[in-house]
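Computed from a prediction, not measured in an experiment: that's the story for all the values here.
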Amino acid sequence: MAAASLAASAATGPLVGLRDGHGRTIHDLRVSITDRCNYKCVYCRTGELGAQYPELGIEEYLRLIKLFVGLGISKVRLTGGEPLLRRGLVELVRALAGLRTTGGEPLDLALTTNGHLLDGLAQPLKDAGLNRVTVSMDAVDAATFERITRVEGSYAAVLAGIRAARAAGLTPLKINCVLLRGFNDDQIEGFARFARQEDVVVRFIEFMPLEEDRLWTPEIVVPLREIVARINRVLPLVELPAREPSETARRYTFSDGVGEIGVIAPVTQAFCGACSRVRLTSDGKIRTCLFSQVEHDLYGRMRAGADDKELRAYVLHIVQGKEARHHIGEPGFLKPSRSMVHIGG
Ligand code: SAM
């Protein structure tokens with residue numbers, strides 16, 4: 001359907017799907033609700049407090065998210081920065097849990113966090129209607145972990161957060177680990193054991209050129225095949241089938257069927273062809289790809305007085321122009337102007 005007719009139907013009635021110009025269905029929205037973070041992970045931050053982008057009010061995020069949901073988004077993931085730092089988070093989750101997709105279902109509502117404050121917030125978030133959390137954790141060894149986060153006591157806090165989330169029923173609980181050669185690749189086998197002991201799904205993620213510093217090289221990326229081979233040597237793996245075409249992780253269980261790990265390989269095995277995502281930054285800009293060179297000021301239009309019909313037409317137009325793929329590792333690749341912490345990972 002052409003952008004103009006999509007925009008017309010958005011104005012007149014509900015849509016069943018949001019599609020981009022490459023025929024992909026977009027059903028997944030990631031929303032950053034702050035770009036502040038209480039960790040200074042060595043591969044993400046310079047260690048200095050970078051430029052901060054303005055935050056919107058909780059009601060403003062809600063209005064913008066509702067627009068996307070009305071256009072076919074069925075999965076919303078709140079992120080940051082560190083979303084648990086954001087005042088009003090529980091109220092936002094409660095309001096989102098009351099929304100329905102264009103198909104009449106509750107939203108799939110998830111959150112990505114470093115877990116530092118999760119011990120106190122897991123149950124309130126569950127009670128408010130959150131379905132799942134993903135906790136980022138880049139080492140299972142406390143000393144390595146704290147060398148990465150540069151925050152003393154962070155390992156114990158995150159472990160308590162993970163256990164509180166599991167106890168609250170925010171499951172399946174996923175742990176995302178970004179691997180960098182020479183930083184934390186010695187943690188791979190330990191994470192495989194951790195997945196089984198803690199009953200969590202550990203997902204290893206290839207490092208992408210989205211850091212504040214200039215650390216990224218192809219050599220620092222630990223590729224999927226190496227991760228799988230190393231775990232296989234100590235705990236034999238069996239690959240699991242994908243549950244949906246837009247699934248980003250290759251999933252594996254262990255040969256005894258206990259536990260699960262996954263590998264997300266955006267660098268060595270890009271999955272752009274099945275990408276179902278768009279992002280909203282904490283200052284209300286749409287990013288149609290992590291590596292977009294342009295952002296689209298949805299909030300600016302809202303603040304200037306655009307009504308929902310105009311904003312929906314704008315979203316449809318922008319989603320139509322979503323990039324076909326990223327160009328990591330190719331000659332001429334340009335890092336986006338925002339780093340991961342300011343985009344919303
Ligand atoms: N503070 C939250 C957290 O820690 O999950 C949400 C924001 S954080 C930027 C989201 C995820 O992005 C984390 O798992 C982090 O490890 C990951 N990340 C940051 N920089 C990355 C990079 N250059 N490549 C791949 N993942 C990255």
Side-chain angles (χ1 to χ4, degrees), residues 30-45 76-90 92-93 108-180 183-184 187-188 190-205 207 249 259-262 264 282 340-345:
R30 299 208 159 195
V31 185
S32 171
I33 56 173
T34 180
D35 71 336
R36 289 174 287 129
C37 191
N38 43 357
Y39 283 3
K40 291 184 287 189
C41 296
V42 287
Y43 63 87
C44 184
R45 318 286 304 279
V76 173
R77 178 174 291 274
L78 300 176
T79 182
E82 174 44 45
L84 300 191
L85 292 177
R86 183 59 207 260
R87 187 173 296 174
L89 167 66
V90 175
L92 177 61
V93 167
D108 180 6
L109 203 49
L111 177 132
T112 297
T113 172
N114 61 29
H116 192 82
L117 300 171
L118 197 54
D119 190 15
L121 278 166
Q123 194 62 56
L125 286 168
K126 176 70 183 177
D127 294 343
L130 188 69
N131 300 123
R132 286 172 292 109
V133 290
T134 298
V135 178
S136 303
M137 191 183 181
D138 301 314
V140 280
D141 155 64
T144 309
F145 185 84
E146 294 182 12
R147 243 192 338 267
I148 294 173
T149 62
R150 295 189 271 201
V151 173
E152 214 176 302
S154 51
Y155 185 79
V158 171
L159 201 55
I162 288 171
R163 291 175 178 166
R166 207 185 39 216
L170 289 166
T171 50
L173 188 53
K174 290 183 186 152
I175 307 295
N176 279 359
C177 166
V178 176
L179 284 175
L180 284 82
F183 278 76
N184 64 343
Q187 303 288 305
I188 293 175
F191 262 119
R193 288 187 278 271
F194 184 84
R196 291 157 65 86
Q197 281 156 11
E198 294 288 330
D199 190 18
V200 293
V201 179
V202 173
R203 300 190 311 176
F204 299 99
I205 303 177
F207 182 48
E260 181 179 325
I261 65 137
I264 301 177
S282 57
M340 188 69 129
V341 68
H342 302 296
I343 293 173

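Evaluation of the side-chain contact (heavy atoms from CB on, under 4.5 Å) rule for A192 yields I231, L235, F254 as partners, not counting sequence neighbours. By the side-chain hydrogen bond (donor to acceptor under 3.5 Å, both in side chains) test, T79 is found to be paired with no residue, residues two or more places apart in sequence or in another chain being considered. Residues that satisfy the salt bridge (charged side-chain N to carboxylate O under 4.0 Å, His left out) test with R36, not counting sequence neighbours, are E55. With sequence neighbours excluded, no residue forms a side-chain hydrogen bond (donor to acceptor under 3.5 Å, both in side chains) with S282. Listed by chain and number, the residues in a side-chain contact (heavy atoms from CB on, under 4.5 Å) with A122 are L118, A164, A165, A168, L170 (sequence neighbours excluded). With sequence neighbours left out, the side-chain hydrogen bond (donor to acceptor under 3.5 Å, both in side chains) criterion links N38 to N114. For E260, the salt bridge (charged side-chain N to carboxylate O under 4.0 Å, His left out) partners two or more places apart in sequence, or in a different chain, are R251. For I264, the side-chain contact (heavy atoms from CB on, under 4.5 Å) partners are R203, I205, T248, A249, P266, F271, not counting sequence neighbours. The ring pair (Phe, Tyr, Trp, His ring centres under 6.0 Å) check on F145 picks up Y155, with sequence neighbours excluded. Applying the side-chain hydrogen bond (donor to acceptor under 3.5 Å, both in side chains) rule to Y39 yields the partners H116; only residues at least two apart in sequence or on another chain are considered.
Atoms SG and CG, from C37 and L85 in turn, are 6.5 Å apart once rounded to the nearest 0.5 Å. The CG atom of L84 sits 8.0 Å away from atom CD1 of I33, with the distance rounded to the nearest 0.5 Å. Atom CG of D199 and atom CZ of R163 lie 12.0 Å apart (nearest 0.5 Å). Put simply, CD1 on I188 and CZ on F204 are 6.0 Å apart, with the number rounded to the nearest 0.5 Å. Note that the CD1 atom of I261 and the CZ atom of F194 stand 14.0 Å from one another [nearest 0.5 Å]. Separating the CG atom in D35 from the CE atom in M340 is a distance of 14.0 Å, to the nearest 0.5 Å.
The closest side-chain heavy-atom distance from V135 to V200 is not below 4.5 Å. Contact of the S136 side chain with the T112 side chain is registered, since non-hydrogen atoms from C-beta on lie closer than 4.5 Å. Side-chain atoms of I162 and M137, non-hydrogen and from C-beta on, do get closer than 4.5 Å to each other.
Within the structure, every pair that satisfies the side chain to side chain donor-acceptor pair (under 3.5 Å) test and touches residues 166-175, not counting sequence neighbours, is listed here: R166-E198. A salt bridge (Lys or Arg N to Asp or Glu O under 4.0 Å) check over residues 130-156, counting only residues at least two apart or in different chains, returns the pairs D108-R132.
Judged by distance alone, with hydrogens and angles left aside, the side-chain atoms of N131 form a donor-acceptor pair with the main-chain N or O of L109 at under 3.5 Å. Between the side chain of K40 and the backbone N or O of R45, no donor-acceptor pair lies under 3.5 Å. The main-chain N or O of V178 is found under 3.5 Å from a side-chain atom of N184 such that the two form a donor-acceptor pair.
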- Query: After noting the C-alpha distance and the side-chain angles of V90 and L125, does the key distance pass the side-chain contact (heavy atoms from CB on, under 4.5 Å) rule?
  - Reply: CA-CA 6 Å; V90 175; L125 286 168; 4.0 Å; yes
*asked:* Set out, in order, the CA-CA distance, both residues' side-chain angles and the distance that settles side-chain contact (heavy atoms from CB on, under 4.5 Å) for R77 and T134, then state yes or no.
replied: CA-CA 10 Å; R77 178 174 291 274; T134 298; 3.1 Å; yes
Please evaluate residues E82 and T113 with respect to the criterion side-chain hydrogen bond (donor to acceptor under 3.5 Å, both in side chains), reporting the C-alpha separation (whole Å), side-chain torsions for both, the decisive distance (0.1 Å), and the verdict. CA-CA 6 Å; E82 174 44 45; T113 172; 2.7 Å; yes
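The nearest pair of heavy atoms linking L179 to F207 is O-CB, 3.7 Å. Minimum heavy-atom separation, G81 to S32: N-OG, 4.4 Å. Between A195 and V202, the shortest heavy-atom distance links the atoms CB-CG2, 3.7 Å.
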